[in-house]
Amino acid sequence: RILFCYLLSEETREALKTPTFDVWDWEPNEMLSCLEFLFHELGLVDEFHINPITLKRWLLAVQEHYRKNPFHNFRHCFCVTQMLYGMIHLCSLQEKLTRMDLTILLVAAVCHDLDHPGFNNTYQINARTELALRYNDISPLENHHAAVACKLLAQPHTNIFASLEPDVTQKLRRGMVSLILATDMARHGEILKGFNEKTESFDFNNPEHTGILKMVLIKCCDISNEVRPMSVAQPWLDCLLEEYFMQGDREKREGLPVAPFMDREKVTKPGAQIGFIKHMLLPMFEAVMKIFPQIEPVMVQPLRDAYDYYMSEQQVSRLTT
Ligand SMILES: Nc1nc2c(ncn2[C@@H]2O[C@@H]3COP(=O)(O)O[C@H]3[C@H]2O)c(=O)[nH]1
Ligand SMILES: [Zn+2]
């Protein structure tokens with residue numbers, strides 16, 4: 001196996017800081033190099049004495065532990081992490097959060113869907129899979145992603161935290177696990193409510209406040225495809241629907257309940273996005289906007305534009321059918 005060693009141009013380094021970055025333009029090796037670069041550039045390699053070779057091995061192992069699903073694959077992991085990097089720059093998070101918090105966020109983003117099987121928690125629970133059994137139906141997938149992440153960190157050759165004191169490692173690991181668990185959309189309402197209660201008098205020195213902010217940030221990045229330019233976002237919607245329909249078809253074959261949004265007989269692209277943008281994306285990004293108003297032109301406006309686009313698409317299809 002050859003270790004990736006792709007040199008990023010100055011143009012790519014700058015482009016990585018914005019949500020307009022074309023995430024479809026890169027080979028897996030190049031995405032690995034970009035991720036490696038982020039850890040160096042944010043000063044995390046220096047701060048936590050990460051062995052640069054271990055960082056490469058860890059990233060390779062991470063990549064190998066993402067399956068080739070239509071949506072929940074290594075490129076999705078890359079997108080979430082790149083969007084986080086964009087938000088770190090846009091919101092000057094390097095000045096507001098500690099390097100510890102930034103590391104927790106970045107490692108969690110990279111690991112947050114590890115070994116995703118392509119079928120969601122509802123399927124795991126209804127089909128009584130190994131994962132649902134192991135985790136007693138409680139966020140089975142997210143618990144699994146976090147457990148795989150911890151397994152990689154427990155192996156010496158991929159342990160990027162090997163040179164740290166046990167109490168520091170434990171803090172990083174706990175923080176990472178809590179953020180991965182926060183990506184279960186079943187907890188969306190609870191997390192957003194907790195965050196909204198703090199935005200009025202947000203305090204970056206209060207760990208309870210920064211704790212929930214980190215959860216909201218990783219959640220924003222996780223569902224941020226529609227923040228991206230339409231040419232980048234559209235193929236992601238195709239990937240998501242392909243994965244959803246595969247689950248819907250399997251549920252029909254196995255006699256399990258099928259959610260309407262996974263039923264290829266019922267779903268349209270505007271139908272899939274209008275409600276998601278209105279009820280999930282906009283309320284969360286508008287909440288973040290209260291603390292970071294600078295995200296409005298760069299992240300919130302594209303969401304509003306995407307909403308308007310899908311509304312007009314829906315109109316057109318209603319008029320033509
Ligand atoms: N309808 C819709 N759902 C999305 C979109 N992006 C993410 N999601 C859903 O939000 C979920 C977030 O957690 P997961 O990554 O496990 O799975 C994701 C999808 O089920 C989107 O653009 N549209
Ligand atoms: Zn995800």
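For ligands, and for the atoms within them, numbers begin at 1 and follow the listed sequence. Computed from a prediction, not measured in an experiment: that's the story for all the values here.
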- side chain to side chain contact (heavy atoms under 4.5 Å, CB included) partners for Ser139, two or more places apart: Glu142, Asn143, Asp184
State yes or no: are the ring centers of [X] and [Y] separated by less than 6.0 Å?
{"X": "Phe71", "Y": "His76", "value": "yes"}
{"X": "Trp24", "Y": "Phe78", "value": "no"}
{"X": "Phe202", "Y": "Phe204", "value": "yes"}
{"X": "Phe161", "Y": "Trp58", "value": "no"}
{"X": "His145", "Y": "His72", "value": "no"}

- Item | Protein N/O/S atoms closer than 2.8 Å to the Zn ion (ligand 2) | His76 NE2, His112 NE2, Asp113 OD2, Asp222 OD1
- Are Ile291 and Phe195 side-chain neighbours, meaning at least one heavy-atom pair lies under 4.5 Å?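 They are in contact (side-chain heavy atoms under 4.5 Å apart), so the answer is yes.
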- Would you mind listing every salt bridge (charged side-chain N to carboxylate O under 4.0 Å, His left out) that reaches into residues 205-215, with sequence neighbours excluded? Asp101-Lys214
- Message: Which label fits Phe119 and Tyr123: parallel for a plane angle under 30°, tilted from 30 to 60°, or perpendicular past 60°?
- Response: tilted
Show me the short polar-atom pairs for ligand 1: any N or O of it lying under 3.5 Å from a protein N or O, with distances only.
from, atom 1, to, atom 2, distance (Å)
ligand 1, 1 (N), Ala272, O, 3.2
ligand 1, 1 (N), Gln273, OE1, 3.2
ligand 1, 13 (O), Asp222, OD2, 3.4
ligand 1, 15 (O), His72, NE2, 2.8
ligand 1, 16 (O), His72, NE2, 3.3
ligand 1, 17 (O), His72, NE2, 3.2
ligand 1, 20 (O), Tyr244, OH, 2.6
ligand 1, 22 (O), Gln273, NE2, 2.9
ligand 1, 23 (N), Gln273, OE1, 2.7
ligand 1, 23 (N), Gln273, NE2, 3.4

